[in-house]
Amino acid sequence: MDNQYQHIKKVLDEKGVQLVAVSKTFSAADILAVYDEGQRIFGENKVQELREKQPKLPNEIEWHFIGSLQRNKVKYIASYIGLIHSLDSLSLAKEISKRAVENDRVIDALIQVKVAEERSKQGIEKSDLDEFIEDLFAEPLPGLRLRGIMGMGTFTDDELKTKSEFDEIKRMFDYLQSKYFRDNAAFDTISMGMSSDYEQAIESGSTMVRIGSLIFGDRRK
Ligand SMILES: *Cc1c(COP(=O)(O)O)cnc(C)c1O
């Protein structure tokens, strides 16, 4: 595990790509072992699981939320969450902003976009992006800072398909950046790429990859 982590970290550092170590299903002790290797950003996809682990681990950890997030659970993570990768509705945006303000902070979030074919994959489709952004801009959301977008490819062995989906996510980012965030340097993040496809994601312009099993090993759950 150690060597694998250091190898990935070195490759990513050379390319200036940020690493989210996806620790879902792994124990606090497993996370601490990777923390001791130098990793500081960890990603979880269930609020309950994050709530159990976060108090047991160092405050220096920057926690990212990478799964579907129910509005009524935002309050449990609002005091410390570093980046929410899964913003996909106006009601969630309002709730994040409200809870951030209650905690005297601003919470960073990525708009999750949908390019994959699977119905289960969440996110805003390309045809709905403008409306979504305009809805967000129409609201006062002082506790929310938009940092970029997150996307996932279809689960497939077809590398060409994966590559073309990552290219599509990158185009969506460029479109939003030039249309709505020209004067906002904070809109700088493209979260795409996992254990099986992070190299392709980086070729397509990813700035942040989310890697679980390559670092922690296979998940049993
Ligand atoms: C689990 C998960 C990952 C990491 O998957 P691996 O294949 O283990 O690298 C990345 N992103 C999201 C949204 C996930 O749920």
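First listed ligand is number 1; within each ligand, the first listed atom is number 1. Heavy atoms only: backbone and side chains are in, while hydrogens, waters and symmetry mates are out.
Scanning all protein heavy atoms for the shortest distance to atom 9 (O) of ligand 1 gives S195 OG, 2.5 Å. Shortest contact from atom 2 (C) of ligand 1 to any protein heavy atom: K24 NZ, 2.6 Å. Closest to atom 5 (O) of ligand 1 among all protein heavy atoms lies M194 CE, 3.6 Å.
For the pair R40 and Y35, the distance from NZ or CZ to the six-membered ring centre is under 6.0 Å and the angle to the ring normal is within 45 degrees.
For the 3.5 Å distance criterion, the side chains of K73 and Q70 qualify, holding a donor opposite an acceptor.
A salt bridge links D130 to K179: one of the charged nitrogens lies within less than 4.0 Å of a carboxylate oxygen.
Taking the centre of each ring, F65 and Y80 stay at or above the 6.0 Å mark.
Below 3.5 Å of separation, one finds no N or O of I66 facing any N or O of ligand 1.
The distance from ligand 1 to the heavy atoms of R210 drops below 4.0 Å at these ligand atoms: 4 (C), 9 (O), 10 (C), 11 (N), 12 (C), 13 (C). Against a heavy-atom cut-off of under 4.0 Å, I211 is close to the following atoms of ligand 1: 9 (O).
Within the 4.0 Å heavy-atom criterion, neither part of H85 lies near ligand 1.
Within a 6.0 Å radius of CD in E139, more than 12 heavy atoms belonging to other residues, nucleotides or ligands are found.
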